[in-house]
Structures are given as C-alpha cells and as structure tokens.
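Below is one structure, written out as structure tokens, with a few remarks after it.
Values below: every heavy atom of this structure, side chains too, minus hydrogens, waters and symmetry copies. When a residue number appears, it is its place in the shown sequence, counting from 1.
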Amino acid sequence: STAAMDAPCRSTGESADSVLSGCAIIVRGQPRGGPPPERQINLSNIRAGALARRAAQGQPDVKDTPDEPWAFQAREFLRKKLIGKEVCFNVEIKTALGREYGMVYLGKDTTGENIAESLVNEGLATVRREGIRGNNPEQARLCELEDQAKASKKGMWSEGGGTHTIRDLKYTIENPRNFVDSLHQKPINAIIEHVRDGSVVRALLLPDYYLVTVMLSGIKCPTFKREADGTESPEPFAAEAKFFTESRLLQRDVQIILESCPNQIILGTILHPNGNITELLLKEGFARCVDWSMAVYTQGAEKLRAAERSAKERKIRIWKDYVAPTANLDQKDRQFVAKVMQVVNADAMVVKLNSGEYKTIHLSSIRPPRNEGEEKNKDKDKRFRPLYDIPYMFEAREFLRKKLIGKKVNVTVDYIRAATGPGESTPAFSERTCATVTIGGMAIKNGKGLHSKKEVPIHRVADISGETQKAKQFLPFLQRAGRSEAVVEHVFSGSRLKLYMPKETCLITFLLAGIECPRSARNMPGGMQVAEPFSDQAMLFTKELVLQREVEVEVESMDKAGNFIGWLHIEGVNLSVALVENALSKVHFTAERSPYYKTLVSAEEQCRQRKEKIWANYEEKPVEEVVHLSEEKERVPNYRPVFVTEISDNLHFYAQDVETGAQLETLMETMRAEIAAHPPVEGSYSARRGDYCLAKFADGEWYRARVEKVESPAKVHVFYIDYGNREVVPSTRLAAMPPAFSTRTLPAQATEYTFAFIQVPLDEDARADVVDCIVRDIQNTQCMMNIEYSGASCPHVSIQFGDTKEDVGLGLVKEGLVMVDVRKEKHLQKIVTEYLNSQESAKSARLNIWRYGDFRADDADEFGYRR
C-alpha cells in the first residue's frame with residue numbers, strides 16, 4: 001500500500017492504554033461522559049519482534065506462531081515504561097488503510113523521553129534503514145544509537161541468537177480444577193493481557209506463562225451478547241464496566257488468587273496495590289453479587305454485600321431504577337427474633353415468629369452442596385434422595401440441626417430474591433427471603449467438610465417405610481432393643497412420623513401407640529378423605545414438639561403396611577400422653593395392656609370434663625342411663641356372603657364380596673378380550689414398586705396386580721389385588737394396566753381379614769395344623785362373615801360355613817387347635833364366654849395343643865402364648 005504523507009499531527013494529554021508489541025501502542029484521551037476512543041500509534045522508523053500468536057480455532061492444519069527473539073522483552077520494556085502514563089505523540093504518516101506512524105514521547109511534550117530511541121538504545125528494536133532520508137536528524141540519531149547498541153552487544157545484538165527470550169506459552173490447561181487446587185489459593189503473579197468484560201479477564205500467569213481466562217468470584221458485570229449475525233450488542237453499562245476494569249488493570253502487574261474451578265470456569269480474585277477490583281466494581285454500580293460464586297470468594301463475602309448495598313442505596317449505574325425489596329419491609333420484618341422449627345437441607349430453615357406465623361429463611365451468600373455431574377441418574381430404579389445422596393448435604397444439615405433446632409435466633413433480612421421461572425438447565429424458584437442468622441452473636445455458616453480433600457462420605461440409608469418384608473425382619477431387633485435413639489425427619493400427621501434411626505442407619509414410618517388421633521385429609525382410592533376436626537392442630541403440636549429432635553422410641557408391633565407402632569419419648573415426655581393431655585387425641589382400647597394406660601385415661605378424663613378441643617361437643621350421659629344402656633347393649637351380628645380366595649401362614653385371609661363378584665367377572669372378560677386384541681410387547685413394561693399392572697399367572701391368564709418389590713427384571717414380587725395371593729415373576733410376564741381396568745373403575749376386590757377371638761399358635765407345627773385345617777374347610781368357598789372389631793392391621797371377623805352356618809373359629813377352639821383371645825368389650829362377653837367354654841372342653845379332652853395339659857401355668861411365655 002502506498003504511504004500517504006500527512007501534515008504532522010501532534011497530540012498531548014493522552015495516556016498509554018496498552019502495548020500491542022515493542023513498536024505499537026494504544027492510547028486513549030481523558031474520559032468525558034463515557035469511555036474515550038482508542039487510537040493505535042505505530043513507532044516510526046523502527047521494528048521490534050512480533051509476539052506469539054495462537055492459531056485460529058477450528059483450523060487443525062495451522063500451527064501456533066511463537067515469539068520472535070526479544071519480542072516479549074521489547075513489549076515488557078514499553079509496558080513498564082508507558083502503561084497508565086501520560087504521553088505526547090506526532091503522527092508523521094497515515095496509510096491508506098488508516099495505520100498511523102509517529103514519534104511518541106513520555107510526558108506532556110516532545111521534550112520528554114523519545115520511546116523509539118530508548119528501544120533502539122537497549123537493543124530491543126532495529127532501525128528501518130530502507131526508508132531513511134539523509135537529511136533527517138531524528139533518523140540519523142536512531143542509526144547512531146543502533147550502532148552503539150551493536151557495539152555494546154545489547155539485547156538482540158548480544159551473542160547466542162536470543163532463543164532464551166522466547167516464551168513457552170501455554171494456551172490451555174488439561175485439568176483446570178487440579179491446576180487451581182494445586183495452587184492452594186496462594187496469590188500468583190500475573191499480567192492482565194485482555195479484558196473481555198468488567199468481570200472476565202485473560203491473564204498471563206508468571207513465571208510459567210499460562211494464559212488463562214479468569215472470572216471474578218462473587219460478581220457479574222453487564223456483558224456483550226453475541227447476536228446470530230456475529231455482531232456484539234452490549235447490555236446497559238457493559239462498555240463502561242469494561243473500561244473501568246481496563247483502565248485500572250489492563251497490562252498491569254497484579255497478583256491473582258485462583259479460588260475455584262466449577263465446570264471448567266476459573267474463578268479468582270485480582271489483587272492490585274490500589275485496591276480490590278471486585279469490590280470497586282460493586283461499589284461503583286458496575287456489577288451485582290452472584291451467590292453461586294460468592295461461596296468461594298476468599299476476601300470476605302460481607303464486604304461485597306456491603307459494596308453492592310452502597311451502590312443500590314445511591315442508585316448508581318445498573319441500580320439507577322432499583323427499588324429495595326426490603327424497602328417496603330418494616331424494621332420489625334427486617335430484623336426479628338424467631339425460633340428454629342426445621343432445617344431444610346443445608347441452606348434454609350423454617351422459623352416460628354412471635355406472632356405464631358411460620359417463615360422459610362434462606363441463608364445469604366451460600367449454596368448447599370450439590371451433585372457434581374450426572375451421578376444421580378445412574379440408578380433408574382433407585383429414588384434420588386438429596387439429603388443422603390449428595391455428598392456433605394447430610395453433614396451440613398446435621399451441623400445446623402444440632403446447633404439450632406428449637407433455639408431462638410436473630411434474623412436480619414439481607415435481600416429478597418425474586419421468583420424465577422424455569423430455564424433450560426435450571427428449575428423454577430419461588431421468592432426467597434435471604435438473611436443472616438445469628439445465635440449468641442455468631443453468624444451461622446457451614447463447616448469445612450465440602451472443601452476437604454478426604455474421601456467423600458457415603459450414606460447408605462435403607463428406607464423401610466412401606467417395605468413389609470424388610471419391616472418384618474427388622475421388628476424383632478427393635479422390640480428387643482427396648483428404647484432406641486431416633487431423629488424425627490418428617491411429621492405426616494399428629495400420630496404418624498418418619499424416623500431416622502442413626503444406629504441402624506435406616507428410615508422407618510412410626511405410628512404412636514395407644515391413641516386415636518384425628519386424621520388429616522388424604523388421597524384415597526375412592527377420592528379425597530376429608531380432614532377430621534383438630535387434625536391440623538394435632539399435626540402442628542407434634543411438629544413443634546418433635547420435628548428434627550432427637551427422641552427415644554419403644555417399638556411394640558407393626559401393621560400390615562410395614563409401619564412400626566410404639567411409644568415415642570422426648571426429654572421425658574411421652575408424645576401419646578402429651579397429645580391426650582392437650583385434648584388432641586382420644587385413648588384407644590389397645591392402650592389397656594400398656595404401662596401408660598392409667599396416665600392416658602386420667603389425662604383424657606380431665607380434658608373431657610373441661611370440654612376442650614376434640615371434647616368440645618361431648619355430652620356426658622347420666623350414670624343410671626349408662627348402666628341401663630350397657631346392660632341392654634349386645635352384639636348385633638350382620639353376616640354377609642364372601643368368597644375366601646387366599647389364606648396366609650399367619651392365619652390372615654383374603655376374601656371377595658359376593659355382591660360385587662359379577663362386576664369383577666365382567667371386568668376380567670373385557671380385559672382379557674382387550675389383551676387378546678392388542679397383546680402387550682413382551683419386556684416393554686418397566687416395573688416400579690407400588691405400581692398397579694397386569695400380571696400373567698401360572699394358568700396363562702392375565703390378572704390385576706400391584707408391584708411390591710423389584711429385585712431384578714427377572715424377579716418382581718407382585719400381589720394379585722383381586723385374589724390376595726403373591727408371586728415372584730419375571731418382568732416379561734407383566735404389562736401396563738389400561739386405565740379402563742384400574743382400581744378407579746373397580747376397587748381391589750380382595751380384602752384382608754383375620755379371625756376374631758383366637759390366638760394363632762407361635763409354634764410352627766401347631767400353626768401349620770391350623771392353616772391346613774382352614775385351607776381344607778374354607779379356601780375357594782363361599783362363607784358368611786361378620787366384622788367383630790378392628791385390629792392394628794386388618795378387621796377381626798367371625799366366619800360361618802355357607803351351608804351349616806357353624807362358626808369356623810369356634811370349631812378351631814373346640815378341636816383344641818387354637819387358644820382364645822379374651823376381649824374386654826362388654827358387648828362381646830356373651831360370645832367370648834362361649835369360646836372359653838369350648839376351650840375348657842378341649843382342654844379336658846386333651847385335644848391337640850392341650851395334649852400335655854394346661855401348659856400356660858409356668859412357661860406360657862416360652863411357648864409364645866399369653867393368658
């Protein structure tokens with residue numbers, strides 16, 4: 001290109017913004033109402049070595065270009081001399097393409113140090129002699145200086161060719177996280193080579209020449225968004241924020257603390273003698289705090305919050321339209337004392353205010369532990385439980401729970417985080433109140449575990465809730481243990497809780513014994529069950545007393561769903577008794593055999609007399625009337641026809657109601673016709689515990705079933721809901737249940753029952769005799785059934801043979817196959833007496849279990865019988 005001569009143009013009062021190479025600099029004027037324009041000045045008549053260049057990405061054939069010898073030293077000479085200093089320059093030539101060549105002087109005028117001469121004098125640049133005219137004294141002076149440098153063997157004129165001056169630049173780091181960890185957050189010397197936006201820079205780490213991109217921890221500045229057409233559009237204040245960082249840090253010597261490296265992004269803090277750029281950007285309203293990266297900031301997160309707060313209060317730059325979310329909060333809502341009721345995961349807690357209102361508070365500036373990568377999706381059959389499956393979540397929760405639960409804390413609301421909608425990779429969040437929580441003057445933060453290099457703790461917590469088989473195996477251990485330690489993890493209702501047993505590392509569902517607590521609203525197969533009066537108050541009472549507290553439990557028994565039943569104690573208080581004392585529960589007749597019966601009955605009596613809560617509408621009957629009624633009150637049997645389909649080893653049995661039998665037959669016919677027309681694809685069904693499905697029985701027919709357990713695709717435990725039998729089948733014999741045949745269309749037809757008034761022998765041989773006898777007599781036959789009383793797991797009933805109308809249970813007693821279970825209810829006394837008389841006859845005749853006489857006198861417990 002032809003060099004166009006310009007009239008010399010002089011400019012003063014500009015400052016050197018950056019040095020591109022040993023012979024080119026960028027200058028800027030003073031800022032007036034925004035970032036001033038940049039101008040590149042190339043030094044006339046000299047040439048310094050070219051700096052290294054990285055090959056264009058995506059072109060594998062093109063290689064990186066290394067430094068020319070002495071190029072970096074020339075750049076460094078200029079950088080240290082000029083950056084941030086005032087310079088004066090003459091533009092001598094401007095080419096057709098707009099490149100400007102001229103002389104640059106340090107200071108306000110041309111009397112200052114001539115930069116080109118200094119470079120040549122140090123042997124860091126060569127003179128372009130081809131363009132020199134003999135009559136130009138400045139050019140002659142440059143040639144003279146170059147000759148002197150050659151004679152003195154300075155810089156590039158020294159012996160050895162200068163290969164030692166070429167840097168070994170590293171543009172990428174293979175494992176950035178390991179690299180950051182290896183530095184242990186120690187400050188490392190660096191030069192800031194490029195400023196992408198206010199909070200992202202490219203830095204040259206010394207002395208090893210790693211070129212890395214560093215994002216400032218704890219903040220984010222407005223950015224330049226790349227549009228589809230390749231152009232960049234700046235967000236408001238992006239250019240100003242970039243200039244703010246550039247004018248303070250670009251090509252300055254700094255120290256950087258590399259603090260963390262999540263997802264290949266290096267987070268760090270830049271230290272400069274004139275101040276901390278992270279705090280300055282916040283203070284001047286060029287940046288906002290970012291919670292996720294503030295957690296790793298090493299210089300004190302509260303300073304960043306304070307700097308951001310000051311910018312918000314002054315409403316400057318990005319905060320010009322800011323309205324404080326806490327501005328409309330009264331002082332009492334901004335700072336208050338509250339009682340901690342529950343710790344949610346590891347960064348939030350539910351507190352109870354003095355007004356009785358509950359509020360969820362999130363801890364400011366921290367985030368709880370999270371799963372790295374996709375580990376949680378590994379096991380599709382296993383339910384993901386954040387508290388136990390995310391490393392350190394359980395430790396963090398326990399740290400807070402032990403310190404805070406039930407204690408009074410001081411809450412200072414720092415900010416309210418607005419609700420956010422779901423993004424591509426982020427879930428939706430409701431509005432959050434973020435606060436600093438202190439107890440005894442100490443701010444609550446989390447422990448060191450997360451950042452330790454030790455093996456990550458693994459919590460193998462077995463969830464036995466609803467696992468009937470596992471619960472059965474576990475029951476004897478808990479019964480023998482007497483009082484066991486537990487932590488209440490969840491309160492479903494006043495008397496139903498989920499407990500974590502630390503010694504056994506398992507979760508169990510626990511029902512309070514001895515009481516009848518009002519039931520909460522819940523979804524049932526037949527629709528929504530309405531909440532009973534005072535159920536919410538009972539639940540709240542239990543929550544306030546025991547949620548997330550350490551308690552002791554005595555397990556007595558379990559129900560058919562695998563829930564344990566027993567007594568729960570907290571700091572010497574029996575929760576069953578406490579609920580009765582507070583008129584939130586009634587005493588259940590099963591409490592009669594317990595040592596707490598008298599306490600329960602007297603507490604109930606007092607509440608009844610005070611007509612408190614659940615007793616508010618209680619009408620006490622006159623004494624005479626009660627006597628009269630109880631004399632008259634008798635058992636009124638209401639036998640209905642049932643079809644016995646299955647009998648289990650513990651003498652429970654399943655029966656179908658004869659009245660709905662026709663409906664079941666119709667449903668089965670339609671269902672099998674549908675399957676014949678559209679056979680299921682073998683193996684297409686993936687079984688999950690609790691799901692309803694269709695299962696092919698040994699007879700080759702399909703039946704409705706429920707999945708009880710999945711051991712493997714080849715071993716799925718199913719329960720046939722219309723017949724009561726169980727089977728282990730491969731998943732190839734299972735299919736999805738069409739909605740037309742679901743339990744909504746026709747509820748499960750097999751209902752579980754057990755015999756009233758009899759005790760099942762614990763001795764296996766004796767029990768087998770009874771089961772054989774029953775199976776022979778009533779399985780797959782129609783009988784008459786009457787419900788006598790309810791039990792822990794199912795109703796207790798009396799059964800009559802369909803033809804002779806003889807009582808089946810009474811027949812077992814007469815045969816001496818079982819003992820009588822003596823009931824205390826007055827209306828049952830007549831039938832109980834009949835059973836006891838038959839037992840005496842069997843005993844006299846020494847039938848079956850009585851063949852060795854009355855064994856109950858001295859060692860009944862040993863045989864497992866109770867009198």
Side-chain angles (χ1 to χ4, degrees), residues 195-201 214-224 234-249 256-257 259-260 262 265 267-272 274-329 331 333-335 347-348 361-367 410-420 426 429 431-438 443-446:
V195 175
R196 187 183 296 169
D197 63 48
S199 55
V200 178
V201 300
V214 178
M215 181 182 278
L216 293 176
S217 303
I219 65 163
K220 187 175 190 308
C221 289
T223 57
F224 297 82
E235 292 177 347
F237 296 102
E240 291 86 339
K242 181 181 175 182
F243 175 66
F244 185 86
T245 302
E246 240 176 22
S247 59
R248 285 158 179 77
L249 294 186
I256 302 182
I257 299 174
E259 288 160 328
S260 182
I265 300 164
L267 295 171
T269 296
I270 299 174
L271 306 175
H272 187 273
N274 294 351
N276 181 336
I277 193 74
T278 310
E279 284 177 37
L280 289 173
L281 284 162
L282 283 169
K283 202 170 177 183
E284 294 302 321
F286 285 121
R288 64 181 72 245
C289 287
V290 178
D291 285 348
W292 70 268
S293 68
M294 195 180 281
V296 303
Y297 182 70
T298 53
Q299 310 295 301
E302 49 285 342
K303 290 183 190 167
L304 300 192
R305 287 262 174 248
E308 183 187 59
R309 208 176 300 122
S310 124
K312 285 175 173 176
E313 284 164 3
R314 302 198 312 278
K315 292 196 175 184
I316 56 171
R317 302 194 175 94
I318 65 170
W319 305 112
K320 63 181 181 2
D321 303 319
Y322 173 74
V323 178
T326 55
N328 13 12
L329 290 181
Q331 186 56 30
D333 293 331
R334 221 175 292 177
Q335 274 189 315
D347 67 332
I361 298 291
H362 289 261
L363 296 177
S364 301
S365 308
I366 68 163
R367 70 167 174 76
N410 299 304
V411 180
T412 307
V413 176
D414 296 318
Y415 55 99
I416 291 174
R417 194 159 154 193
T420 57
T426 54
F429 284 113
E431 184 180 89
R432 292 175 167 199
T433 301
C434 298
T436 300
V437 175
T438 58
I444 292 300
K445 294 204 173 67
N446 274 323

Worksheet item: Between atom OG1 of Thr269 and atom CG of Leu304, what is the distance when rounded to the nearest 0.5 Å?
Response: 8.0 Å
Response to the item:
Separation between CG (Leu282) and CZ (Arg288), nearest 0.5 Å, reads 10.5 Å
Fill in: Spacing of Ser199 atom OG and Leu281 atom CG [to the nearest 0.5 Å]
7.5 Å
Worksheet item: Rounded to the nearest 0.5 Å, how far does CG of Asp291 lie from CG of Leu363?
Response: 11.0 Å
Worksheet entry | Taking every non-hydrogen atom, the tightest pair across Leu216 and Gly198 | CD1-O, 4.0 Å
Worksheet entry | Partner residues of Phe244 under the ring-ring contact (aromatic ring centres under 6.0 Å, His included) criterion, sequence neighbours left out | Phe286
Worksheet item: Going through the checks in order, is the side chain to side chain contact (heavy atoms under 4.5 Å, CB included) test met by Val201 and Arg196?
Response: CA-CA 6 Å; Val201 300; Arg196 187 183 296 169; over 6 Å; no
Worksheet item: Is there a salt bridge (charged side-chain N to carboxylate O under 4.0 Å, His left out) between Arg309 and Glu313 once you walk through the steps?
Response: CA-CA 6 Å; Arg309 208 176 300 122; Glu313 284 164 3; 5.5 Å; no
Practice prompt. Take Ile257 and Gln299 through the side chain to side chain contact (heavy atoms under 4.5 Å, CB included) test and state the conclusion after the steps.
Written response: CA-CA 10 Å; Ile257 299 174; Gln299 310 295 301; 3.4 Å; yes
Practice prompt. Could you walk me through whether Arg305 and Glu302 pass salt bridge (charged side-chain N to carboxylate O under 4.0 Å, His left out), step by step?
Written response: CA-CA 5 Å; Arg305 287 262 174 248; Glu302 49 285 342; over 6 Å; no
Item to complete: Tell me yes or no: between the side chains of Glu259 and Ser217, is some donor less than 3.5 Å from an acceptor?
Response: yes
Practice prompt. Check the pair Glu308, Trp319 against side chain to side chain contact (heavy atoms under 4.5 Å, CB included), reporting the backbone distance first and the verdict last.
Written response: CA-CA 9 Å; Glu308 183 187 59; Trp319 305 112; 3.6 Å; yes
Worksheet entry | Contact summary for Ala287 and Cys221, nearest pair of heavy atoms | CB-SG, 3.7 Å
Fill in: Approximate separation, where rounding is to 0.5 Å, of Met215 CE and Leu267 CG
7.0 Å
Worksheet item: Is there a side-chain contact between Thr433 and Val411, using heavy atoms and a 4.5 Å cut-off?
Response: no
Discussion item. Between Ile277 and Arg248, is the side chain to side chain contact (heavy atoms under 4.5 Å, CB included) condition met? List the steps.
Written reply: CA-CA 8 Å; Ile277 193 74; Arg248 285 158 179 77; 4.0 Å; yes
Fill in: Nearest-0.5 Å distance that lies between atom NZ in Lys283 and atom CG in Asn276
11.0 Å
Discussion item. Test of understanding: with salt bridge (charged side-chain N to carboxylate O under 4.0 Å, His left out), list the residues that count as partners of Glu284, not counting sequence neighbours.
Written reply: Arg317
Worksheet, complete the sentence: Sequence neighbours excluded, the answer for side-chain contact (heavy atoms from CB on, under 4.5 Å) partners of Thr223 is Asp197, Lys220, Lys225, Glu235
